[in-house]
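The block underneath contains the structure these notes are about, expressed in structure tokens.
All values below come from the heavy atoms of this structure, side chains included, with hydrogens, waters and symmetry mates left out.
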Amino acid sequence: MELEQSAESAALSKMENMRPSPPRRHWLRKLHRQRHIQIMALLGIAWIILFNYVPMYGIIIAFKDYRIIRTIAEAPWVGLEHFKAFFEDDNFVNVMKNTLGISLIKLIIGFPLPIIFALFLNEIRSLRYKKAIQTISYLPHFLSWVVLGGILTTWLADVGIINNILLALNLIKEPISYLAEPDYFWGIIITSDIWKELGWSAIIYLAAISSVSPDLYEAATIDGAGRFQKMWYVTLPSIKGTISILFILAVSGVLNSNFDQILVLRNALNESASNVIDIYVYQTGMLSGRFSYSTAVGLFKSVIALILLLIANSVTKKLNNTSLF
């Protein structure tokens, strides 16, 4: 009898030990095991809050008449006065035309080129040539626009290499000051931006292509598909999710015209073609001291970017069921 009771108590204690621990205790143990990773994550969250969310308090000066001699709290409220002033400004049409013109052309031409480049680069069978081309293509990405701007200024000068080549080929009769002509500015900005970022942007697509199952290519080969048919019917559909996400981000950044690039290459002679929103905010805010006005212009740009992000996300979600959120 005593043996039976002892066996029964042992079985009960074993069953109690096998019961799952309370969710809270399990969560605390898991948190303790991952304490080093959690600390790293908390540091990142703290950095984001400190440098991305805390400064957002300054946005309210877009609705105030702020002066540097007083605090933000002391500045009087003016409502939407600065936004109205921007819409009525003589530079509004020119600024929006340059911003949208440069950005939309970059989106139309610059967005598909890395995809095409990645597709063709993936078809190179020689690993040596593939690595060489990839290295050469993304090397300009690591150079700042200060360096590249100096190079482009030298190349596009009256005695630069571009004019020398065109004169040698009898394509022009006299040297052209490209950076002094507003008609050439958009082309220079778009071409140089593609040259700098083409290889680097293609890395994401190459990574996506590398995850495509080889069985799909083998099946396409059995069906008699050529290289271009494999690109169109196998590779592109397999990476459409990556393309959609990057397209959403590109659309949301339409009003970003690459401030560093334009600031380096612009001058008084091409100002009519180089005056974009970012440059306008810099001039009115930092150079003219109109902090409230420039904040209002920047806030207007951010609101439009958010609207474009939501529209692009909604469209891509309906077309191929891929979205950011």
- [ ] Could you go through the side chain to side chain contact (heavy atoms under 4.5 Å, CB included) check for F111 and L246 one step at a time?
- [x] CA-CA 9 Å; F111 182 77; L246 293 177; 4.1 Å; yes
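- Between the side chain of S294 and the backbone N or O of T284 there is no donor-acceptor pair closer than 3.5 Å.
- Ring planes of W195 and W155: tilted class, angle from 30 to 60°.
- In this structure, N98 contributes its side chain and N275 its backbone to a donor-acceptor pair below 3.5 Å.
- Checking side-chain atoms of K196 against main-chain N and O of H141 turns up a donor-acceptor pair under 3.5 Å.
- Summarising the local packing, CG of N321 is surrounded by 12 or fewer heavy atoms from other residues, nucleotides or ligands at distances under 6.0 Å.
- Around NZ of K130, the count of heavy atoms belonging to other residues, nucleotides or ligands within 6.0 Å exceeds 12.
- The 12-atom threshold is not exceeded at CD1 of I161, counting heavy atoms of other residues, nucleotides or ligands nearer than 6.0 Å.
- Proximity of a side-chain donor or acceptor of T322 to a complementary backbone N or O of G241 within less than 3.5 Å is not detected.
- Looking only at distances, a side-chain donor or acceptor of S238 sits under 3.5 Å from a matching main-chain atom of V234.
- Note: F83 and F63 have tilted aromatic rings, judged against thresholds of 30 and 60 degrees for the angle between ring planes.
- Without hydrogens or angle criteria, S201 side chain to L198 main chain gives no donor-acceptor distance under 3.5 Å.
- Under the 3.5 Å distance criterion, the side-chain polar atoms of S288 are matched with a main-chain donor or acceptor of Q283.
- Summarising the local packing, CZ of R128 is surrounded by 12 or fewer heavy atoms from other residues, nucleotides or ligands at distances under 6.0 Å.
- Residue I239 is grouped with residue W232 when hydrophobic side chains (ILVMFWY) are merged at heavy-atom distances under 4.5 angstrom, including chains of intermediate members.
- N270 places no side-chain N or O within donor-acceptor distance of the main-chain N or O of F185, the cut-off being under 3.5 Å.
- The backbone N or O of I189 sits less than 3.5 Å from a side-chain atom of S192, completing a donor-acceptor pair.
- For an aromatic pair to be called close, the ring centres must be under 6.0 Å apart, and Y205 with F117 fails this.
- Checking L156, L179, I176 one by one against Y184, the side chain to side chain contact (heavy atoms under 4.5 Å, CB included) holds for a single residue, I176.
- Counting non-hydrogen atoms of other residues, nucleotides and ligands closer than 6.0 Å to OH of Y233 gives a total of 12 or fewer.
- Between the R70 side chain and the R67 main chain, no donor and acceptor come within less than 3.5 Å of each other.
- In this structure, F142 and Y138 have perpendicular ring planes: the angle between them is above 60°, well past the 30° mark.
- Remark: N52 CG is packed, more than 12 non-hydrogen atoms of other residues, nucleotides or ligands lying under 6.0 Å away.
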